[in-house]
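In the text below, chain A, chain B and the rest are named by the order of the sequence lines, each starting its count at 1. Bear in mind the structure is a predicted one, so any value in this text is a computation, not a measurement.
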Number of protein chains: 2
Amino acid sequence: MAAPVLSHVKCADCPIRHRAVCARCNADELDELDTVKYYRSYEAGQPIVWSGDQMDFVGSVVSGVATLTQTMEDGRTQMVGLLLPSDFVGRPGRDAAAYNVVATNTVMMCCFRRKPFEDLMARTPHIAHRLLEMTLDELDAAREWMLVLGRKTAREKIASLLSIIARRDASLENGPLDRVEFELPLTREAMADYLGLTLETVSRQVSALKKDGVIELEGKRHIIVPDMSRLMDEAGDDSDGGYLV
Amino acid sequence: MAAPVLSHVKCADCPIRHRAVCARCNADELDELDTVKYYRSYEAGQPIVWSGDQMDFVGSVVSGVATLTQTMEDGRTQMVGLLLPSDFVGRPGRDAAAYNVVATNTVMMCCFRRKPFEDLMARTPHIAHRLLEMTLDELDAAREWMLVLGRKTAREKIASLLSIIARRDASLENGPLDRVEFELPLTREAMADYLGLTLETVSRQVSALKKDGVIELEGKRHIIVPDMSRLMDEAGDDSDGGYLV
DNA sequence: CCAGGTCATTGACCCAGATCAATTGGAATT
DNA sequence: AATTCCAATTGATCTGGGTCAATGACCTGG
């Protein structure tokens, strides 16, 4: 996991360097943010924010993976976003969280108190502009996912999820795109919640993809994709973008 | 359909007064926009923009209804948004459209050429800020819809859709919230595409809701909801927001 | 007033994925 | 090595919604 390209960013302690927030910020602006910045880590399974809670910070994921979920009273839950390192958390201008954010493994967050962040945002067009950009990306991802949820078969859904994670992972290393290898950051149940399936169906379809040689498993979580284009075919994916919230 | 509250907006010709774009703009800014503004109407079924096309304008829907859809190569299609009067179309900063936008009936659009609009946006924080706000609303709507697509039954899906349209419509008139009456702006097929169902299932579930007295039909498109809270119950909806893209 | 077209309803049957239930396989604890 | 625990697999069965097909209900134009 080499450091991404984006540089000239002041937040020196963050390995990911706030790709999300700071890509176009200059040092002065970041100095200001540094004064209200803090780090916090969360254990696997621990809630980071809960739907309806007052949200007093925004920030980005430094390491680990967190999920964004929505729940009905009867317990049915749907994941609406997956937060990987460098992803931004929080909705400037809104004070209550709309979703549950839960750490799936040990998560390190780099947080800014919301008020100062919003003040800074109001004064520096760069940041506001960058945030709009990011929000549009998330919107695209959400809408791409609507197609997955509404119209794809279970097998295609699994392939779509694996393909998104693989591509996202592969963009960090930058080897050739045919063979990709990665650690699944989700339990079968979490995958099911993302895909609108049951965990049994997820398990069956993963086994089926393995039997058909589309993927290889090492243990239960380590996935090897011998041929990315094959996987993307299985996903029924014409998209080349590959966003992920 | 009385004119909404938002005022002090220069775009005099638009009945809806650009709630979306201009809520906080002052006259000077709007004068500038007026010089690059034009109107265009589209007939039922006519594409407004096509996925992948160069998008040279942004704008808002003045009247009529349009759909935002995504399609797979084999023809499966998923609606990812419904555009009602006052909704904004276009993604500032992106030059290619990501979805198909199609008029479902006669649609009047008020458009701004994209370049001048973006220039204005870069100079006036209000507009950028408002746009971020709107995009966050759309993101919430998309994510709410992910729950509908992933976890709700066919009956709940129909109830969710009717409830969203009814609430959106009812907020324009402002009678009591128990009895609501409105014209469905979608064919059964379009509803199916929104809900990730087939048109037959949509038809069956609409009939079922009618048989159970949750809704009444007058013709095929005119819906009467005698008791909104009943309908929202059927939708399994705890949300009070009721966003719609 | 009838012909043809579009949109919607309804029925009969089927299947992908849900549900219920038993088992396996590690990893951690004792 | 035995015990617990939890994630995951696998099997058997059921069902909600898909599929295929026929019919109805309006329109619009001739």
All N/O donor-acceptor pairs, side-chain side in residues 197-206 of chain B, below 3.5 Å, sequence neighbours left out:
unit_1: Thr198(B); atom_1: OG1; unit_2: Thr201(B); atom_2: N; d: 3.4
unit_1: Thr198(B); atom_1: OG1; unit_2: Thr201(B); atom_2: OG1; d: 3.1

Task: Atom pair CG/CD of Leu162(A) and Glu234(A) - distance to nearest 0.5 Å - done: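 Reported to 0.5 Å precision, the distance equals 10.5 Å.
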TODO: Report the distance from atom CZ of Arg230(B) to atom CG of Asp233(B), rounding to the nearest 0.5 Å.
DONE: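 If we round to the nearest 0.5 Å, Arg230(B):CZ and Asp233(B):CG are 8.5 Å apart.
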TODO: For the pair Glu138(B) and Arg143(A), find out whether any cationic side-chain nitrogen is under 4.0 Å from an anionic carboxylate oxygen.
DONE: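 Counted as a salt bridge, because a side-chain N and a carboxylate O are separated by less than 4.0 Å.
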Task: Cationic N near anionic O, under 4.0 Å, Arg94(B) to Asp137(A) - done: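 Looking at Asp137(A) together with Arg94(B), the answer is yes, because their closest N to O distance falls below 4.0 Å.
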Integer-rounded Å distance: [N] [atom2] and [X] [atom1]:
{"X": "Leu186(A)", "N": "dA7(D)", "atom1": "CG", "atom2": "P", "answer": "13 Å"}
{"X": "Arg151(B)", "N": "dT19(C)", "atom1": "CZ", "atom2": "P", "answer": "9 Å"}
{"X": "Lys152(B)", "N": "dG17(D)", "atom1": "NZ", "atom2": "P", "answer": "13 Å"}
{"X": "Arg155(B)", "N": "dG16(D)", "atom1": "CZ", "atom2": "P", "answer": "13 Å"}
{"X": "Met191(B)", "N": "dG17(D)", "atom1": "CE", "atom2": "C1'", "answer": "16 Å"}
{"X": "Arg76(A)", "N": "dA18(C)", "atom1": "CZ", "atom2": "P", "answer": "13 Å"}

For residues 99-110 of chain A, run the donor-acceptor check on the side chains, cut-off 3.5 Å, and write out each pair with its distance to 0.1 Å, sequence neighbours left out.
unit_1: Tyr99(A); atom_1: OH; unit_2: Asp140(B); atom_2: OD1; d: 2.7
unit_1: Asn100(A); atom_1: OD1; unit_2: Ser51(A); atom_2: N; d: 2.9
unit_1: Thr104(A); atom_1: OG1; unit_2: Val65(A); atom_2: O; d: 2.9
unit_1: Thr104(A); atom_1: OG1; unit_2: Pro185(A); atom_2: O; d: 3.4
unit_1: Asn105(A); atom_1: OD1; unit_2: Val65(A); atom_2: N; d: 2.8

Open item on the list: What's the closest nucleotide to the side chain of Arg188(A) if the choices are dG17(D), dA8(D), dG17(C)?
Closed with: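 Closest nucleotide to the Arg188(A) side chain: dA8(D).
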Under 3.5 Å, which N/O atoms of the protein pair with N/O atoms of nucleotides 26-28 of chain D?
none

Determine whether a donor-acceptor pair (N or O, by modelled atom type, separation under 3.5 Å) exists between the side chain of [X] and the backbone of [Y].
{"X": "Trp145(A)", "Y": "Tyr194(A)", "result": "yes"}
{"X": "Lys157(A)", "Y": "Leu195(A)", "result": "yes"}
{"X": "Asp227(B)", "Y": "Ser229(B)", "result": "yes"}

Open item on the list: So, using side-chain hydrogen bond (donor to acceptor under 3.5 Å, both in side chains) as the criterion, who are the partners of Glu183(A) when residues are at least two apart?
Closed with: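 Result, side-chain hydrogen bond (donor to acceptor under 3.5 Å, both in side chains) vs Glu183(A): His222(A).
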Task: Close side-chain approach of Thr69(A) to Gln78(A), heavy-atom, < 4.5 Å - done: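 Thr69(A) vs Gln78(A): side chains apart.
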Open item on the list: By the 4.0 Å heavy-atom rule, please label Arg221(A) as base, sugar-phosphate, or nothing.
Closed with: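 If one applies the 4.0 Å heavy-atom cut-off, Arg221(A) turns out to touch the sugar-phosphate alone, with no base involved.
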- [ ] Mind running a 4.0 Å heavy-atom check of residues 196-217 of chain A against DNA chain C and sending the residues that fall below it, in number order?
- [x]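 Hits under 4.0 Å, by residue number: Gly196(A), Leu197(A), Thr198(A), Glu200(A), Thr201(A), Arg204(A).
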TODO: Rounding to 10 degrees, work out the angle separating the end axes of the helix from dC1(C)-dG30(D) to dT30(C)-dA1(D) (five pairs an end).
DONE: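 Helix axis angle between the two ends: 30°.
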